[in-house]
Asks: 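Structure below; questions to follow.
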Amino acid sequence: MRSTSLFKPVLAAALGCMVLSGCGAQNDTPEHASAGSTVGDEPRDPSSPGGDQEVRFIALMSRTAQGCGPAAQNGTGGGGVPKPEDLPGAEAVPTPRYGPGQTPPGVPNADGDIPVPLDDAAPPSKPAGGSASPAPAREVPLTGTEKCVGAEHVKRVGDAFKGAKPTGYEAMQKQLTGLDYPLSRIHRMPDRAGAPRVRVDLRVMGGHVALEVTAGGSGVVAEAFGAPETEDVKVADVTRGPGPDAPNS
């Protein structure tokens, strides 16, 4: 499993790239000292000015990851420069095409010849009878920083809806977009015992965090869960396993 301990610098870099490319303005993002301070954010009217929704969302995720980082939890602050292999989405170093003791491609050997690497073998063709149905996407566990990030958003959403149970999907959607969760990341789910339910995709930069929010009691029940990082998997299609904090159907 990829490391998520350096969620903060990657999110900060993504936010910087989006702002520099003209997606939004720095003054449009509210200032917060830590992830804990996002809990009391006042809901924002999604139709009001204030920059691109996705820019504000990345800024929110960056602040939350910053508050969940090892430096923030240990009270040390700062932190060193992350190693490339520790960044989320980093892959293992590919195996070279030449064996031990052989000359790397492009370097003349003892005879003066330059070896040329052979192309990888073509993948086996699919059977003519048609492709098999893709396996259903399953929930994945959240660990380390991502587990903390999920818990922060559960608290943030729960506090925002406290004492104000949404009357329907539209009311829930409006409240969530006012909390800087983009409309494109809010997915309607079938109602649970007549109560509106949505899932919010919080995955960024190879992350796995998602929320399931169901109206209940005098507010909502929010749960964090892990979704596969692949872009073609929608959080609405993830099959969840039973959890100890899952509300009864």
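Predicted model, so just to flag it, every value in this text is computed and none were measured.
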Asks: What about Met205 and Leu60, same hydrophobic cluster or not, with Ile/Leu/Val/Met/Phe/Trp/Tyr joined at side-chain heavy-atom distances under 4.5 Å?
Replies: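 As far as the 4.5 Å side-chain criterion goes, Leu60 and Met205 are connected within one cluster.
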Asks: Closest heavy-atom contact between Glu152 and Cys68?
Replies: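 Residues Glu152 and Cys68, closest heavy atoms: CG-SG, 3.9 Å.
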Asks: Quick one: ring pair (Phe, Tyr, Trp, His ring centres under 6.0 Å) pairs with a partner in residues 148-201, sequence neighbours left out?
Replies: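 Residue pairs passing ring pair (Phe, Tyr, Trp, His ring centres under 6.0 Å), neighbours aside: His153-Tyr181.
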Asks: Where the side chain of Arg199 meets the backbone of Glu212, is there a donor-acceptor pair that is under 3.5 Å apart?
Replies: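 Pair absent, no side-chain N/O of Arg199 close to backbone of Glu212.
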Asks: Are any non-hydrogen side-chain atoms of Pro190 and Arg197 less than 4.5 angstrom apart?
Replies: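 Yes, at least one pair of side-chain atoms sits under 4.5 Å.
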Asks: Do Val149 and Leu202 have side-chain heavy atoms sitting under 4.5 Å apart?
Replies: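 No, every pair of side-chain atoms sits at 4.5 Å or beyond.
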Asks: Check Gln53 against Leu183 and note the closest heavy-atom contact, atom names and distance.
Replies: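 So the minimum-distance heavy-atom pair works out to OE1-N, 3.3 Å.
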Asks: Could you give the distance from OG1 (Thr177) to CE (Met172), rounded to the nearest 0.5 Å?
Replies: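 It is 12.0 Å, given to the nearest 0.5 Å.
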Asks: Between the side chains of Arg203 and Glu231, is the shortest nitrogen-to-carboxylate-oxygen separation below 4.0 Å, so that they form an ion pair?
Replies: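 A salt bridge is absent here (no side-chain N lies under 4.0 Å from a carboxylate O).
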Asks: Show the nearest heavy-atom pair for residues Pro182 and Glu54, with the distance to one decimal.
Replies: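 Distance-wise, the nearest heavy atoms are CG-OE1, 3.6 Å.
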Asks: Any ring pair (Phe, Tyr, Trp, His ring centres under 6.0 Å) involving residues 209-235? Give me the pairs, sequence neighbours left out, ordered by first then second residue.
Replies: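 Every candidate ring pair (Phe, Tyr, Trp, His ring centres under 6.0 Å) pair involving residues 209-235 fails, so no pair, neighbours aside, qualifies.
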Asks: Determine the sole option in Val235, Asp201, Val200 for which the side chain to side chain contact (heavy atoms under 4.5 Å, CB included) test with Leu211 is passed.
Replies: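 It is Val200; the other options fail the test.
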Asks: Under 4.5 Å between side-chain heavy atoms, hopping through other hydrophobics if needed: is there a path connecting Met61 to Ile186?
Replies: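 Met61 and Ile186: one cluster.
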Asks: Can you spot which of Glu139, Glu146, Lys147 makes a side-chain hydrogen bond (donor to acceptor under 3.5 Å, both in side chains) with His208?
Replies: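 Running side-chain hydrogen bond (donor to acceptor under 3.5 Å, both in side chains) over Glu139, Glu146, Lys147 with His208 returns exactly one hit, Glu146.
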Asks: If hydrophobic clusters are built by linking Ile, Leu, Val, Met, Phe, Trp and Tyr wherever their side-chain heavy atoms come under 4.5 Å apart, do Val154 and Val157 end up in the same one?
Replies: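 Result: yes, single cluster for both.
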Asks: Taking all atoms of both residues into account, what is the closest heavy-atom pair of Pro196 and Pro166, and its distance?
Replies: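 So the minimum-distance heavy-atom pair works out to CG-O, 4.4 Å.
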Asks: Would you mind listing the cluster partners of Met189? Hydrophobic ones only (ILVMFWY), side-chain contacts under 4.5 Å, chaining allowed.
Replies: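 Met189 shares its hydrophobic cluster with no other residue.
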Asks: If you look at every heavy atom in Val238 and Pro228, which pair is closest and at what distance?
Replies: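 Minimum heavy-atom contact is CG2-CD, 3.9 Å.
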Asks: Quick one: closest heavy-atom pair of Leu179 and Ala160, and the distance?
Replies: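 Shortest heavy-atom separation between Leu179 and Ala160 comes out as CD1-CB, 3.6 Å.
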